[in-house]
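Working notes, beginning with the structure itself.
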Amino acid sequence: MVADISAPDSAGPGTAGGVPEKPSLDGLEDKWVARWATDDTYAFDRAAALAAPRDHTYAIDTPPPTASGSLHVGHVFSYTHTDIVARYQRMRGRHVFYPMGWDDNGLPTERRVQNYYGVRCDPSLPYDQGFEPPEKAGKDQQPISRRNFVELCERLTAVDEAEFEKLWRRVGLSVDWAGVYRTISETSRATAQRMFLHNLARGEAYAQEAPTLWDVTFRTAVAQAELEDRERPGAYHRVAFAGPAGPVHIETTRPELLPACVALVAHPDDARYQPLFGTTVTTPLFGVEVPVVAHRLAEPDKGSGIAMICTFGDLNDVTWWRELQLPTRAVIGWDGRFVADPPPGVPAGPYAELAGKTSFSAQQRIVELLRESGDLEGDPRPITHPVKFFEKGERPLEIVTTRQWYIRNGGRDADLREALLARGREIQWVPDHMRHRYENWVEGLNGDWLISRQRFFGVPFPVWYRLDGEGEPDYGSPILAPESALPVDPSSDVPEGYTADQRGVPGGFLADPDVMDTWATSSLSPQVASGWDTDPELFAHVFPMDLRPQAHDIIRTWLFSTVVRAHYEHGQVPWSHAAISGFVVDPDRKKMSKSKGNATTPIDVLERYGTDAVRWRAAGARPGADSPFDEAQMKVGRRLAMKVLNVGKFVLGLGASTALTAADVTEPLDRALLTRLAGVVDEATAALEAYNYTRALEVAETFFWSFCDDYVELVKTRAYGSDAAAVSAQAALALALSVQLRLFAPVLPFVTEEVWSWWQTGSVHRAPWPAAGELPVGGDPVILTVAAEALSAIRKAKSEAKQSMRADVASAVVTAPEAHVVLVEAARTDLTHAGRIAELSVVAGDGPLRVDVVLADPTG
RNA sequence: GGGCGCGUAGCUCAGCGGGAGAGCUCUCGCCUUACAAGCGAGCGGUCGCAGGUUCGAUCCCUGCCGCGCCCA
């Protein structure tokens with residue numbers, strides 16, 4: 001496991017730049033970001049990786065941030081977690097394949113472009129070659145062609161991505177910036193289209209005309225994974241249907257859908273309605289005869305226990321319509337308004353008043369009409385109830401019947417669902433309980449994955465349809481783009497065997513108008529990043545990847561869909577590990593997000609506390625655990641970084657250098673220190689192997705503070721000398737510094753690199769991860785413990801006497817357990833110097849170690 | 001309503017079968033020749049509540065209460 005690292009250089013102190021007079025954290029980011037770029041410190045050595053066994057490579061499937069979005073400290077924390085792992089693996093000698101991507105396709109980018117430039121896409125407009133967007137976004141959005149719109153998307157995302165890269169470099173992410181990908185790039189489009197064609201060929205993808213959840217603002221279909229329930233006020237309207245033996249009352253929150261009513265439904269066990277099953281009733285106002293049917297999903301406790309089934313008011317309607325094979329009477333159009341003509345069988349009279357209305361105003365009118373006809377009983381009863389929304393939308397979803405593309409995901413196939421659950425069990429989840437999120441989601445799927453979107457900036461489906469003599473498309477046998485031609489844009493490219501002038505004319509062809517949802521492309525991030533389409537040799541080496549880091553909110557989307565795609569194409573999971581980070585939350589424990597207005601801009605925090613301080617805080621958030629944003633903690637991190645600088649300077653000033661080795665360490669106290677440090681190295685290594693970077697940092701940090709406060713204080717007088725005892729201390733300080741800098745390097749990349757540069761050559765980030773074997777064995781760490789305890793007792797005496805730590809001690813009597821007397825004696829000289837003790841005696845006694853201190857007369 | 005996680009010092013958290021801990025805050029003190037953006041010392045908790053298992057429970061089991069997230 002030593003492939004990608006350089007051997008430690010032995011250079012004398014000062015040869016690599018020397019120790020500055022007054023070390024400072026300020027400016028370290030600029031200095032080292034530039035140097036790492038120049039030196040290509042984090043380059044992935046493709047040739048060397050391919051030549052080595054697979055386990056010498058560590059491949060990370062980094063989340064591509066939404067380029068049109070904004071980053072907050074939550075992102076910084078999460079990406080830092082990944083970077084800590086990457087840096088650790090690199091120091092372990094692995095070839096770290098750590099690309100970065102930008103998720104720049106899809107709706108968020110469209111929205112940003114619309115707002116930024118004040119434009120909107122109108123696909124019917126022709127391309128305007130010289131188009132330039134207005135300087136300032138006007139009040140009314142200027143309609144532009146699809147191609148102009150896409151060009152603006154690309155222009156703006158390029159700017160956004162450059163900003164993102166700058167920030168990530170400042171955060172110190174050790175990604176190989178030569179390996180950046182974009183989800184809208186030509187390669188990504190080709191990959192997404194090729195994978196889609198494979199899915200289609202194997203029957204994993206299909207198109208279907210079906211009731212679809214539809215956002216009327218964005219005028220696109222949305223998938224189950226993008227839904228959220230929101231509590232909204234509504235009202236039950238009690239409406240009378242004319243039954244064979246008098247009126248039948250239903251209660252509905254959507255009386256405006258009365259013209260779409262196709263049946264009434266009650267629970268089969270509901271005695272109240274059993275006599276009605278098999279009969280028909282007549283809708284009020286419209287006089288349409290509809291059957292009364294029984295279905296287990298009808299809730300006897302809800303409203304009057306009998307409901308009207310409309311096409312379509314909610315997902316239950318869809319289920320009933322499908323399972324009971326009811327007719328379709330759709331009234332809501334793509335724009336969310338009532339369509340111009342009534343459904344078949346519904347009289348034109350009352351319907352004409354609704355045509356063109358929104359649901360809201362249609363409801364008002366229907367209620368008036370029902371009141372007039374006497375079919376509305378009493379006043380509407382206000383309630384609040386969950387209503388389905390697109391997570392990015394502001395208006396309730398409607399259900400519209402449209403033709404859409406789907407990928408099978410187990411939502412309607414128990415065997416497939418089982419197979420995908422099994423895939424989930426192949427992944428090592430960090431923390432383990434996050435696997436439940438995956439399993440809950442898969443088990444709760446109720447339909448296949450809808451991947452088509454009626455949008456513009458996305459990967460188009462590589463599909464055309466033949467037009468018959470009437471100009472009607474033949475959806476049954478689509479024309480597929482040949483794989484060799486990918487990526488294609490069917491709206492401008494012409495299918496084989498046709499000419500451009502046949503587009504849209506009878507006997508000609510028609511492009512599939514839709515683009516893929518962004519998840520349909522980002523679910524291929526392992527394939528895109530690893531070169532499935534561009535570098536098969538690399539792909540074969542790094543796939544399945546080692547790590548998928550991401551936050552827990554997108555297990556149902558990104559993680560799951562990536563598993564689905566890899567399951568189909570490769571018959572395996574896309575990565576061995578999924579490390580799930582928590583959120584940074586505000587003091588009220590609310591998730592930080594721009595829309596909530598509680599997001600903290602990262603650059604400000606990075607500048608005020610320094611990157612290392614922010615990273616230190618990030619490392620304190622365990623995998624999966626949310627953590628509150630608290631600036632006080634940043635100060636603690638900054639103090640640690642500062643301490644590393646100062647102790648580094650001091651230790652090197654005492655004579656620590658790379659010329660000294662483990663063999664020079666002869667004094668018992670020094671060996672005690674290094675033996676303890678060996679234990680720390682083992683523990684930190686074990687923790688990092690388990691992705692527990694928090695624990696690794698904790699053990700290193702605890703050791704470090706005791707190193708500074710106790711060990712360095714104990715030995716500094718001795719180290720000033722030049723005899724063998726002095727050399728022993730200097731060697732121990734050098735080894736301890738070297739090891740500790742490397743232990744901290746993944747978390748504090750800037751300050752460790754700075755101190756490393758004072759006395760070593762090469763980057764600490766290419767130095768080997770410390771091993772216990774570098775350190776001398778056989779020391780008794782208890783020597784350090786008892787010496788520190790004794791020193792602490794002496795400090796306490798001085799502190800209680802309100803004396804300076806420099807105050808002289810006339811005499812000190814250490815009383816220690818019998819077995820520890822010899823250990824205290826081993827540190828006698830260091831102890832007397834550190835405590836400024838004139839006369840030290842050590843005696844055996846009962847109980848824990850204590851020291852009786854007599855301070856010297858400060859005036860004497 | 002279901003799933004998952006969490007309730008330990010004022011705050012943020014570690015510990016998870018035999019000593020209740022860390023950092024921050026707070027208080028007191030110290031110019032100490034690496035660091036005053038520092039250092040030293042100290043105050044501070046019936047480990048959510050109630051049962052159970054055990055010689056012994058913060059830790060294991062059950063129930064309850066509260067908080068958060070995900071899903072209905």
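Values below: every heavy atom of this structure, side chains too, minus hydrogens, waters and symmetry copies.
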Distance check, C1' atoms only: rA9(B) and rG68(B), in whole angstrom units. 22 Å
rC59(B) pairs with which nucleotide, Watson-Crick or G-U wobble, both distances below 3.5 Å? none
Is the closest basic N to carboxylate O distance between Arg608(A) and Glu631(A) below 4.0 Å? yes
If the C1' atom of rU46(B) is compared with that of rG5(B), how far apart are they to the nearest Å? 26 Å
Name the pairing partner of rU54(B), where a pair is Watson-Crick or G-U wobble with both distances under 3.5 Å, or state none. none
Which residue lies toward the 5' end of RNA chain B, Ser804(A) or Glu713(A), if each is placed at its nearest nucleotide? Ser804(A)
Please report the interatomic distance CG(Leu733(A)) to OG(Ser657(A)), rounded to the nearest 0.5 Å. 11.0 Å
Among rA34(B), rC28(B), rC71(B), the nucleotide that comes nearest once only the side chain of Trp441(A) is considered: rC71(B)
Using the P atoms only, state how far rG51(B) lies from rG56(B), rounded to an integer number of Å. 15 Å
Do any N or O atoms from the side chain of Gln740(A) and from the backbone of Ala736(A) form a donor-acceptor pair under 3.5 angstrom? yes
Under a 4.0 Å N-O cut-off, is there an ion pair linking Glu439(A) with Arg423(A)? no
Look through every strand shown and name the nucleotide pairing with rG5(B) as Watson-Crick or G-U wobble, where both distances are under 3.5 Å. rC67(B)
Phe704(A) CZ - rC35(B) C1' separation (whole Å): 10 Å
Contacts under 3.5 angstrom, residues 548-559 of chain A side chains, donor-acceptor by atom type, not counting sequence neighbours:
residue	atom	partner	partner atom	Å
Arg548(A)	NE	Asp61(A)	OD2	3.0
Arg548(A)	NH1	Gln550(A)	OE1	2.8
Arg548(A)	NH2	Asp61(A)	OD2	2.7
Arg548(A)	NH2	Ser525(A)	OG	3.4
Arg548(A)	NH2	Thr562(A)	OG1	3.2
Gln550(A)	NE2	Ile554(A)	O	3.2
His552(A)	NE2	Asp626(A)	OD1	3.4
Asp553(A)	OD2	Lys591(A)	NZ	3.4
Arg556(A)	NE	Ala225(A)	O	3.3
Arg556(A)	NH1	Ala225(A)	O	3.2
Arg556(A)	NH2	Ala225(A)	O	3.2
Arg556(A)	NH2	Glu391(A)	OE1	3.2
Thr557(A)	OG1	Ile554(A)	O	3.3
Trp558(A)	NE1	Ser522(A)	O	2.7

What does Asp709(A) touch in the nucleic acid at a heavy-atom separation under 4.0 angstrom: a base, only the sugar-phosphate, or nothing? sugar-phosphate
Which nucleotide, if any, forms a Watson-Crick or G-U wobble pair with rG17(B), using both distances under 3.5 Å? none
Measuring to OP1 and OP2 of rG40(B), would you say a side-chain N or O of Ser792(A) lies under 4.0 angstrom away? no
Among rA34(B), rA41(B), rA37(B), which nucleotide sits nearest the side chain of Arg638(A)? rA37(B)
Between rA37(B), rA41(B), rA34(B), which nucleotide has the shortest distance from any of its atoms to the side chain of Val647(A)? rA34(B)
Quick one: do Glu426(A) and Arg435(A) make a salt bridge, cutoff under 4.0 Å? no
Partner of rG45(B) by Watson-Crick or G-U wobble geometry, both contacts under 3.5 Å, or none? none
Take atom C1' in rU58(B) and the same atom in rC13(B), then report the distance between them in whole Å. 15 Å
Nearest whole angstrom, please: distance from the C1' of rA36(B) to the CE of Met642(A). 12 Å
Under 4.0 Å between any heavy atoms, over every strand shown, what does Glu698(A) touch: base, sugar-phosphate, or nothing? Just pick one. sugar-phosphate
Do the side-chain N or O atoms of Arg556(A) get closer than 4.0 angstrom to the phosphate oxygens (OP1, OP2) of rC71(B)? yes
Distance between P atoms of rG66(B) and rC28(B) (Å, rounded): 41 Å
Between rU25(B) and rC61(B), how far is it from one C1' atom to the other, in whole Å? 38 Å
Side chain of His436(A), heavy atoms from C-beta onward: which of rU12(B), rA34(B), rG3(B) has the nearest atom to it? rG3(B)
Nucleotide opposite rG23(B) in a Watson-Crick or G-U pair, distances under 3.5 Å: rC11(B)
Base, sugar-phosphate, or nothing for Tyr720(A), non-hydrogen atoms under 4.0 angstrom? sugar-phosphate
Below the 4.0 Å mark, does rC39(B) have OP1 or OP2 next to a side-chain nitrogen or oxygen of Lys643(A)? yes
Does Arg639(A) put a side-chain nitrogen or oxygen below 4.0 Å from OP1 or OP2 of rG38(B)? yes
Closest to the side chain of Arg617(A), out of rA37(B), rU12(B), rG3(B), is rU12(B)
Of Gln633(A) and Cys708(A), the one whose closest nucleotide on RNA chain B sits nearer the 5' end is Gln633(A)
Return the pairing partner of rG40(B) with a 3.5 Å limit on both distances, Watson-Crick or G-U wobble; otherwise return none. rC28(B)
Identify whether any heavy atom of Trp705(A) sits under 4.0 Å from a base atom; if not, whether one sits that close to sugar-phosphate; answer base, sugar-phosphate or nothing. sugar-phosphate
Quick one: Arg836(A) CZ to rG40(B) C1', roughly how many Å, whole number? 15 Å
Please classify the nucleic acid contact of Arg622(A) as base, sugar-phosphate, or nothing, using heavy-atom distances under 4.0 Å. sugar-phosphate
Checking all strands, does Arg795(A) fall into the base, sugar-phosphate, or nothing category for heavy-atom contacts under 4.0 angstrom? sugar-phosphate
How close or far is atom P of rC6(B) from atom CZ of Arg437(A), stated in whole angstroms? 12 Å
For the side chain of His433(A), counting heavy atoms from C-beta on, which of rC4(B), rA41(B), rA34(B) is nearest? rC4(B)
Between rG63(B) and rG19(B), how far apart are the two C1' atoms, rounded to whole Å? 31 Å
Over how many whole Å does the gap from Met805(A) atom CE to rC30(B) atom C1' extend? 6 Å
Could you grab the distance from atom NE2 of His385(A) to atom CG of Asp314(A), nearest 0.5 Å is fine? 10.0 Å
Within the pair Lys802(A) and rC28(B), is there a side-chain N or O less than 4.0 Å away from OP1 or OP2? no
Short side-chain to backbone donor-acceptor contact, Asp215(A) and Leu397(A), under 3.5 Å: no
Paired with rU33(B): which nucleotide, if any, by Watson-Crick or G-U wobble criteria at under 3.5 Å for both distances? none
Can you check the distance between rG44(B) and rA36(B), where both ends of the measurement are the P atom (answer in whole Å)? 32 Å
